[in-house]
Amino acid sequence: AKEQGKNKYQVFHTGMNMQSYRSFIMQNDLRKAIERNEFELVYQPRVNVVTGKVESAEVLLRWHHPSWGSVSPNEFIPIAEQTGLIVKIGDWVLRTVCQQVKRWQENDYNLVRIAINFSARQFMQKDFLSNIERILEETGVAAHLLEIELTESALLENEDFVINALHRLREIGIMISIDDFGTGYSSLQYLSRLPINILKIDRSFVQGIMDKSSENRSITTAVISLAKSLRLSVIAEGVETKQQLEFLGLHGCDEVQGYLFCKPVPQQRFEEMMLQGNG
Ligand code: C2E
Ligand code: CA
Ligand code: CA
Ligand code: CA
(Lines give C-alpha, C1' and ligand atoms only; values in the text may rest on other atoms or scores of the structure.)
(Ligands and ions follow the chains in the order given, each with its own letter.)
Protein backbone atom coordinates (compact mmCIF):
# COMPACT_ATOMS: atom_id res chain seq x y z
CA ALA A 1 0.00 0.00 0.00
CA LYS A 2 3.02 2.26 0.47
CA GLU A 3 3.48 2.31 -3.28
CA GLN A 4 -0.07 3.36 -3.92
CA GLY A 5 0.39 7.10 -3.74
CA LYS A 6 3.78 7.17 -5.34
CA ASN A 7 3.33 7.03 -9.06
CA LYS A 8 0.02 8.76 -9.27
CA TYR A 9 1.10 12.31 -10.00
CA GLN A 10 -2.13 13.98 -10.95
CA VAL A 11 -1.95 15.91 -14.20
CA PHE A 12 -3.10 19.47 -13.99
CA HIS A 13 -5.54 20.49 -16.66
CA THR A 14 -7.29 23.72 -17.46
CA GLY A 15 -10.78 23.69 -16.06
CA MET A 16 -9.58 22.93 -12.58
CA ASN A 17 -10.73 25.56 -10.15
CA MET A 18 -8.42 27.31 -7.69
CA GLN A 19 -9.29 24.91 -4.91
CA SER A 20 -8.35 21.81 -6.81
CA TYR A 21 -5.31 23.64 -8.17
CA ARG A 22 -4.16 24.24 -4.61
CA SER A 23 -4.71 20.64 -3.62
CA PHE A 24 -2.93 19.51 -6.78
CA ILE A 25 0.15 21.54 -5.87
CA MET A 26 -0.19 20.42 -2.29
CA GLN A 27 -0.17 16.75 -3.20
CA ASN A 28 3.03 17.11 -5.13
CA ASP A 29 4.70 19.29 -2.51
CA LEU A 30 3.67 16.99 0.34
CA ARG A 31 5.67 14.22 -1.29
CA LYS A 32 8.84 16.25 -0.81
CA ALA A 33 8.05 17.79 2.55
CA ILE A 34 9.90 15.23 4.66
CA GLU A 35 13.13 15.35 2.66
CA ARG A 36 12.96 19.13 2.59
CA ASN A 37 12.58 19.24 6.33
CA GLU A 38 9.36 21.27 6.21
CA PHE A 39 7.53 19.46 9.00
CA GLU A 40 7.66 20.46 12.63
CA LEU A 41 6.14 18.90 15.72
CA VAL A 42 4.46 21.05 18.35
CA TYR A 43 3.32 19.89 21.76
CA GLN A 44 0.20 20.75 23.72
CA PRO A 45 0.35 19.93 27.45
CA ARG A 46 -2.65 18.41 29.19
CA VAL A 47 -3.38 19.25 32.78
CA ASN A 48 -4.68 16.94 35.49
CA VAL A 49 -7.85 18.58 36.80
CA VAL A 50 -7.30 17.52 40.41
CA THR A 51 -3.54 18.04 40.83
CA GLY A 52 -3.07 20.83 38.30
CA LYS A 53 0.01 19.02 37.00
CA VAL A 54 1.00 18.26 33.43
CA GLU A 55 0.93 14.49 33.00
CA SER A 56 0.84 14.14 29.25
CA ALA A 57 0.91 16.13 26.02
CA GLU A 58 -0.47 15.76 22.52
CA VAL A 59 1.93 16.13 19.62
CA LEU A 60 0.59 17.93 16.54
CA LEU A 61 2.09 18.21 13.09
CA ARG A 62 2.91 21.54 11.41
CA TRP A 63 3.83 22.03 7.77
CA HIS A 64 5.82 25.09 6.73
CA HIS A 65 5.28 25.34 3.00
CA PRO A 66 8.04 27.26 1.16
CA SER A 67 5.65 29.69 -0.50
CA TRP A 68 2.37 29.43 1.44
CA GLY A 69 3.84 29.48 4.92
CA SER A 70 2.08 27.46 7.56
CA VAL A 71 -0.60 25.10 6.20
CA SER A 72 -3.23 23.77 8.63
CA PRO A 73 -3.25 20.02 9.27
CA ASN A 74 -7.00 20.23 8.75
CA GLU A 75 -6.12 20.95 5.13
CA PHE A 76 -3.10 18.73 4.42
CA ILE A 77 -3.86 15.67 6.57
CA PRO A 78 -6.98 14.75 4.52
CA ILE A 79 -4.89 15.04 1.34
CA ALA A 80 -2.14 12.93 2.86
CA GLU A 81 -4.79 10.35 3.77
CA GLN A 82 -6.36 10.29 0.31
CA THR A 83 -3.01 9.86 -1.42
CA GLY A 84 -1.64 7.33 1.08
CA LEU A 85 1.22 9.68 1.92
CA ILE A 86 0.00 9.64 5.52
CA VAL A 87 1.74 6.31 6.01
CA LYS A 88 5.16 7.78 5.34
CA ILE A 89 4.36 11.02 7.17
CA GLY A 90 2.99 9.09 10.15
CA ASP A 91 6.19 7.04 10.28
CA TRP A 92 8.19 10.25 10.36
CA VAL A 93 6.03 11.62 13.20
CA LEU A 94 6.38 8.46 15.28
CA ARG A 95 10.12 8.17 14.72
CA THR A 96 10.77 11.85 15.41
CA VAL A 97 8.69 11.77 18.60
CA CYS A 98 10.54 8.66 19.80
CA GLN A 99 13.92 10.24 19.07
CA GLN A 100 12.90 13.30 21.07
CA VAL A 101 11.52 11.28 23.98
CA LYS A 102 14.75 9.30 24.03
CA ARG A 103 16.76 12.49 24.40
CA TRP A 104 14.48 13.60 27.21
CA GLN A 105 15.00 10.24 28.90
CA GLU A 106 18.76 10.64 28.64
CA ASN A 107 18.76 14.21 29.90
CA ASP A 108 16.57 13.65 32.94
CA TYR A 109 13.69 15.79 31.83
CA ASN A 110 10.42 15.59 33.69
CA LEU A 111 8.98 12.98 31.36
CA VAL A 112 5.35 13.00 30.38
CA ARG A 113 3.44 10.66 28.11
CA ILE A 114 3.18 11.85 24.50
CA ALA A 115 -0.03 11.24 22.56
CA ILE A 116 0.32 10.80 18.79
CA ASN A 117 -2.54 11.06 16.29
CA PHE A 118 -2.88 8.06 14.00
CA SER A 119 -5.07 7.98 10.90
CA ALA A 120 -7.22 4.96 10.16
CA ARG A 121 -5.13 4.34 7.08
CA GLN A 122 -1.94 4.03 9.14
CA PHE A 123 -3.59 1.86 11.73
CA MET A 124 -4.82 -0.54 9.05
CA GLN A 125 -1.34 -1.15 7.59
CA LYS A 126 -0.27 -4.77 7.88
CA ASP A 127 3.10 -3.79 9.31
CA PHE A 128 1.64 -1.22 11.70
CA LEU A 129 2.55 -3.11 14.87
CA SER A 130 5.93 -4.46 13.80
CA ASN A 131 6.82 -0.97 12.69
CA ILE A 132 6.01 0.50 16.09
CA GLU A 133 7.89 -2.27 17.84
CA ARG A 134 10.91 -1.69 15.65
CA ILE A 135 10.95 2.05 16.28
CA LEU A 136 10.58 1.51 20.04
CA GLU A 137 13.44 -0.94 19.97
CA GLU A 138 15.68 1.28 17.85
CA THR A 139 15.14 4.32 20.01
CA GLY A 140 14.86 2.58 23.38
CA VAL A 141 11.77 4.54 24.36
CA ALA A 142 9.62 3.09 27.15
CA ALA A 143 6.24 2.11 25.67
CA HIS A 144 4.30 3.61 28.57
CA LEU A 145 5.50 7.04 27.45
CA LEU A 146 3.50 6.72 24.25
CA GLU A 147 -0.20 7.05 23.62
CA ILE A 148 -1.98 6.55 20.33
CA GLU A 149 -5.04 8.65 19.51
CA LEU A 150 -7.47 6.97 17.14
CA THR A 151 -10.82 8.30 15.97
CA GLU A 152 -13.97 6.23 16.11
CA SER A 153 -13.91 5.87 12.32
CA ALA A 154 -10.54 4.08 12.55
CA LEU A 155 -12.10 1.57 14.92
CA LEU A 156 -15.06 0.82 12.72
CA GLU A 157 -13.06 -0.58 9.83
CA ASN A 158 -12.49 -4.29 10.32
CA GLU A 159 -13.63 -5.41 13.73
CA ASP A 160 -11.38 -8.46 14.18
CA PHE A 161 -8.31 -6.69 12.88
CA VAL A 162 -8.96 -3.68 15.11
CA ILE A 163 -9.56 -5.66 18.29
CA ASN A 164 -6.50 -7.77 17.66
CA ALA A 165 -4.28 -4.78 16.96
CA LEU A 166 -5.52 -2.95 20.06
CA HIS A 167 -4.82 -5.98 22.23
CA ARG A 168 -1.28 -6.17 20.92
CA LEU A 169 -0.75 -2.46 21.54
CA ARG A 170 -1.90 -2.97 25.10
CA GLU A 171 0.51 -5.89 25.49
CA ILE A 172 3.34 -3.68 24.32
CA GLY A 173 2.23 -1.15 26.95
CA ILE A 174 1.13 1.73 24.74
CA MET A 175 -1.92 3.70 25.89
CA ILE A 176 -4.85 4.06 23.52
CA SER A 177 -7.33 6.90 23.42
CA ILE A 178 -10.40 7.51 21.32
CA ASP A 179 -10.20 10.99 19.83
CA ASP A 180 -13.15 13.29 19.05
CA PHE A 181 -15.35 10.93 21.02
CA GLY A 182 -19.06 11.39 20.48
CA THR A 183 -18.78 12.60 16.89
CA GLY A 184 -18.68 9.09 15.38
CA TYR A 185 -21.00 6.14 15.48
CA SER A 186 -19.38 3.41 17.53
CA SER A 187 -21.87 1.46 19.59
CA LEU A 188 -21.46 1.24 23.34
CA GLN A 189 -21.45 -2.52 23.15
CA TYR A 190 -18.54 -2.47 20.70
CA LEU A 191 -16.71 0.11 22.78
CA SER A 192 -16.94 -2.00 25.92
CA ARG A 193 -15.11 -4.81 24.13
CA LEU A 194 -12.15 -2.68 23.08
CA PRO A 195 -9.00 -2.57 25.22
CA ILE A 196 -8.75 1.22 25.32
CA ASN A 197 -7.62 3.54 28.11
CA ILE A 198 -8.97 7.00 27.44
CA LEU A 199 -11.94 8.82 25.89
CA LYS A 200 -11.36 12.31 24.57
CA ILE A 201 -14.43 14.53 24.60
CA ASP A 202 -14.55 16.40 21.32
CA ARG A 203 -13.95 20.15 21.34
CA SER A 204 -17.35 20.85 19.80
CA PHE A 205 -19.09 19.64 22.98
CA VAL A 206 -16.68 21.48 25.28
CA GLN A 207 -17.18 24.73 23.37
CA GLY A 208 -20.93 24.42 23.89
CA ILE A 209 -20.83 23.85 27.64
CA MET A 210 -22.07 27.37 28.46
CA ASP A 211 -24.75 27.38 25.76
CA LYS A 212 -28.29 28.28 26.75
CA SER A 213 -29.54 24.91 25.64
CA SER A 214 -28.32 21.98 27.71
CA GLU A 215 -27.49 19.64 24.83
CA ASN A 216 -23.71 19.92 24.96
CA ARG A 217 -23.66 19.77 28.76
CA SER A 218 -25.70 16.56 28.64
CA ILE A 219 -23.41 14.96 26.09
CA THR A 220 -20.33 16.00 28.07
CA THR A 221 -21.59 14.55 31.35
CA ALA A 222 -22.81 11.43 29.55
CA VAL A 223 -19.36 10.81 28.06
CA ILE A 224 -17.73 11.32 31.46
CA SER A 225 -20.05 8.86 33.20
CA LEU A 226 -19.68 6.38 30.36
CA ALA A 227 -15.90 6.58 30.73
CA LYS A 228 -16.16 6.06 34.49
CA SER A 229 -18.39 3.03 34.16
CA LEU A 230 -15.99 1.49 31.62
CA ARG A 231 -13.08 2.41 33.93
CA LEU A 232 -11.51 4.70 31.37
CA SER A 233 -9.89 8.07 31.85
CA VAL A 234 -11.52 11.03 30.22
CA ILE A 235 -9.81 14.04 28.68
CA ALA A 236 -11.56 17.17 27.43
CA GLU A 237 -10.02 18.98 24.48
CA GLY A 238 -10.44 22.60 23.42
CA VAL A 239 -10.91 24.00 26.93
CA GLU A 240 -10.77 27.79 26.57
CA THR A 241 -12.61 29.24 29.57
CA LYS A 242 -12.66 28.92 33.35
CA GLN A 243 -16.37 28.13 33.22
CA GLN A 244 -15.74 25.14 30.95
CA LEU A 245 -12.96 23.97 33.28
CA GLU A 246 -15.18 24.32 36.34
CA PHE A 247 -17.99 22.34 34.74
CA LEU A 248 -15.60 19.59 33.63
CA GLY A 249 -13.94 19.39 37.06
CA LEU A 250 -17.26 19.27 38.84
CA HIS A 251 -18.36 16.31 36.73
CA GLY A 252 -15.17 14.30 37.19
CA CYS A 253 -13.21 14.88 33.99
CA ASP A 254 -9.62 13.71 34.58
CA GLU A 255 -7.49 15.82 32.27
CA VAL A 256 -8.00 18.98 30.24
CA GLN A 257 -6.27 20.38 27.22
CA GLY A 258 -6.84 23.74 25.59
CA TYR A 259 -5.89 27.38 25.06
CA LEU A 260 -6.91 28.18 28.66
CA PHE A 261 -3.68 26.49 29.77
CA CYS A 262 -1.45 26.38 26.76
CA LYS A 263 -1.51 26.45 22.97
CA PRO A 264 0.56 23.82 21.16
CA VAL A 265 4.19 25.00 21.58
CA PRO A 266 7.43 24.30 19.67
CA GLN A 267 9.68 21.54 20.95
CA GLN A 268 12.15 23.92 22.58
CA ARG A 269 9.48 25.73 24.57
CA PHE A 270 8.00 22.41 25.60
CA GLU A 271 11.41 21.24 26.80
CA GLU A 272 11.78 24.38 28.90
CA MET A 273 8.43 23.61 30.45
CA MET A 274 9.54 20.07 31.25
CA LEU A 275 12.79 21.31 32.79
CA GLN A 276 10.93 23.73 35.03
CA GLY A 277 9.03 20.69 36.24
CA ASN A 278 5.35 20.35 36.32
CA GLY A 279 4.31 23.94 36.76
P1 C2E B 1 -7.26 16.88 16.79
O2 C2E B 1 -6.50 15.61 16.94
O3 C2E B 1 -8.66 16.89 17.26
O4 C2E B 1 -6.37 17.97 17.54
C5 C2E B 1 -6.88 19.04 18.30
C6 C2E B 1 -6.84 20.33 17.53
O7 C2E B 1 -7.43 21.37 18.34
C8 C2E B 1 -5.44 20.83 17.19
O9 C2E B 1 -5.54 21.50 15.94
C10 C2E B 1 -5.16 21.82 18.31
O11 C2E B 1 -4.18 22.78 17.98
C12 C2E B 1 -6.51 22.44 18.47
N13 C2E B 1 -6.74 23.02 19.81
C14 C2E B 1 -6.18 22.66 20.98
N15 C2E B 1 -6.70 23.39 22.00
C16 C2E B 1 -7.61 24.22 21.45
C17 C2E B 1 -8.50 25.24 21.99
O18 C2E B 1 -8.55 25.50 23.20
N19 C2E B 1 -9.30 25.88 21.10
C20 C2E B 1 -9.29 25.62 19.77
N21 C2E B 1 -10.11 26.32 18.98
N22 C2E B 1 -8.48 24.67 19.23
C23 C2E B 1 -7.65 23.99 20.06
P24 C2E B 1 -4.45 21.30 14.79
O25 C2E B 1 -3.09 21.22 15.41
O26 C2E B 1 -4.70 22.34 13.77
O27 C2E B 1 -4.78 19.86 14.20
C28 C2E B 1 -5.97 19.62 13.50
C29 C2E B 1 -6.18 18.15 13.25
O30 C2E B 1 -5.20 17.63 12.36
C31 C2E B 1 -6.05 17.29 14.50
O32 C2E B 1 -7.25 17.36 15.25
C33 C2E B 1 -5.78 15.93 13.90
O34 C2E B 1 -6.97 15.32 13.49
C35 C2E B 1 -4.96 16.29 12.68
N36 C2E B 1 -3.52 16.09 12.99
C37 C2E B 1 -2.63 16.95 13.53
N38 C2E B 1 -1.40 16.38 13.65
C39 C2E B 1 -1.53 15.11 13.16
C40 C2E B 1 -0.62 14.00 13.01
O41 C2E B 1 0.57 14.03 13.39
N42 C2E B 1 -1.13 12.86 12.43
C43 C2E B 1 -2.44 12.76 12.05
N44 C2E B 1 -2.86 11.60 11.49
N45 C2E B 1 -3.32 13.77 12.20
C46 C2E B 1 -2.87 14.94 12.74
CA1 CA C 1 -6.04 14.29 18.61
CA1 CA D 1 -9.39 15.60 19.02
CA1 CA E 1 -11.36 17.41 17.22
Side-chain angles (χ1 to χ4, degrees), residues 26 30 33-34 38-47 54 56-65 69-98 100 113-125 128 131-132 135 146-155 175-184 196-210 220 223 233-245 248 253 255-267 269-270:
M26 196 173 287
L30 259 183
I34 293 180
E38 291 165 1
F39 285 129
E40 183 196 356
L41 295 177
V42 292
Y43 295 82
Q44 187 176 39
R46 298 158 167 177
V47 178
V54 175
S56 60
E58 179 175 1
V59 64
L60 295 152
L61 188 58
R62 296 290 175 261
W63 182 23
H64 304 287
H65 188 276
S70 177
V71 183
S72 166
N74 288 319
E75 190 180 2
F76 73 80
I77 293 283
I79 289 176
E81 286 171 344
Q82 284 154 28
T83 53
L85 285 167
I86 192 66
V87 174
K88 200 173 144 209
I89 295 173
D91 261 14
W92 180 85
V93 171
L94 178 63
R95 189 173 289 276
T96 307
V97 166
C98 285
Q100 289 181 356
R113 191 175 71 245
I114 304 294
I116 307 178
N117 292 284
F118 269 69
S119 297
R121 182 116 182 214
Q122 279 173 275
F123 182 58
M124 300 307 289
Q125 293 290 304
F128 163 75
N131 200 26
I132 289 183
I135 293 177
L146 289 189
E147 176 185 322
I148 288 182
E149 294 195 3
L150 294 163
T151 58
E152 284 172 272
S153 61
L155 302 178
M175 301 272 270
I176 304 153
S177 54
I178 310 299
D179 204 358
D180 305 339
F181 188 74
T183 60
I196 53 177
N197 308 94
I198 299 163
L199 295 184
K200 290 192 76 181
I201 306 174
D202 190 59
R203 187 170 83 220
S204 58
F205 304 125
V206 175
Q207 307 273 273
I209 278 176
M210 288 300 131
T220 301
V223 173
S233 293
V234 56
I235 300 178
E237 64 176 20
V239 179
E240 292 180 355
T241 69
K242 285 203 175 113
Q243 289 92 327
Q244 291 165 354
L245 173 64
L248 290 161
C253 182
E255 279 180 83
V256 282
Q257 175 183 352
Y259 296 169
L260 177 63
F261 309 96
C262 193
K263 288 199 170 182
V265 294
Q267 176 204 325
R269 176 83 192 91
F270 183 66

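As the structure lists them, so they are numbered: ligands from 1, and atoms in each ligand from 1.
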Considering distance alone, does some N or O of [X] sit under 3.5 Å from an N or O of ligand 1?
{"X": "Arg203", "value": "yes"}
{"X": "Gln44", "value": "yes"}
{"X": "Leu61", "value": "yes"}
{"X": "Ser119", "value": "yes"}

### Query
Salt bridge between Glu240 and Lys263, side-chain N to carboxylate O under 4.0 Å?
no
### Query
Under 4.0 Å between a Lys/Arg side-chain N and an Asp/Glu carboxylate O for Glu81 and Arg121?
no
### Query
Parallel, tilted or perpendicular for Phe39 and Trp63, by the 30°/60° rule?
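Rings of Phe39 and Trp63: tilted, as their planes differ by 30° to 60°.
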### Message
Please give me the protein atoms (N, O or S only) lying under 3.0 Å from the Ca ion (ligand 2), ordered by chain and number.
### Response
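Per the 3.0 Å query on the Ca ion (ligand 2), atoms found are Glu58 OE2, Asn117 OD1, Glu149 OE1, Asp179 OD2.
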Below 4.0 angstrom from a heavy atom of [X], which ligand 1 atoms are there? Numbered from 1 as shown, please.
{"X": "Glu237", "answer": "3 (O)"}
{"X": "Val239", "answer": "18 (O)"}
{"X": "Pro264", "answer": "11 (O)"}
{"X": "Glu240", "answer": "17 (C), 18 (O), 19 (N), 20 (C), 21 (N)"}
{"X": "Asp180", "answer": "3 (O)"}
{"X": "Gly258", "answer": "15 (N), 18 (O)"}

Taking atom types as modelled, find out whether [X] and [Y] have a side-chain donor-acceptor pair closer than 3.5 angstrom.
{"X": "His65", "Y": "Glu38", "value": "no"}
{"X": "Gln122", "Y": "Asp91", "value": "no"}
{"X": "Gln100", "Y": "Tyr43", "value": "yes"}

Given [options], which one has a non-hydrogen atom that is nearest to [atom]?
{"atom": "atom 24 (P) of ligand 1", "options": "Pro73, Ser70, Ala154, Ala80", "answer": "Pro73"}
{"atom": "atom 33 (C) of ligand 1", "options": "Asn117, Ile89, Val93, Val42", "answer": "Asn117"}
{"atom": "atom 23 (C) of ligand 1", "options": "Phe76, Trp63, Tyr259, Trp92", "answer": "Tyr259"}

### Summary
Taken to the nearest 0.5 Å, the spacing of Ile135 CD1 from Leu94 CG works out to 4.0 Å
Heavy-atom contact under 4.0 Å between [X] and ligand 1?
{"X": "Gly90", "result": "no"}
{"X": "Glu58", "result": "yes"}
{"X": "Arg62", "result": "yes"}

Using only atom types and a distance under 3.5 Å, with no angle test, would you say the side chain of [X] pairs donor to acceptor with the backbone of [Y]?
{"X": "Gln244", "Y": "Thr241", "result": "yes"}
{"X": "Gln44", "Y": "Cys262", "result": "yes"}
{"X": "Ser72", "Y": "Asn74", "result": "yes"}

### Query
Pick from Glu147, Glu255, Gln257: which one makes a side-chain hydrogen bond (donor to acceptor under 3.5 Å, both in side chains) with Ser56?
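Filter result, single survivor: Glu255.
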### Query
For the ring pair Phe123 and Phe128, is the centre-to-centre distance below 6.0 Å?
yes
#### Entry: Check: Phe181 ring centre within less than 6.0 Å of Phe205 ring centre
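They do not qualify: ring centres at least 6.0 Å apart.
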### Task
Applying side chain to side chain contact (heavy atoms under 4.5 Å, CB included), name anything that partners Leu260, two or more places apart in sequence or on another chain.
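Result, side chain to side chain contact (heavy atoms under 4.5 Å, CB included) vs Leu260: Val239, Lys242, Leu245.
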### Task
Select one of side chain, backbone, both or neither to describe which atoms of Lys263 lie under 4.0 Å from any atom of ligand 1, heavy atoms only.
neither
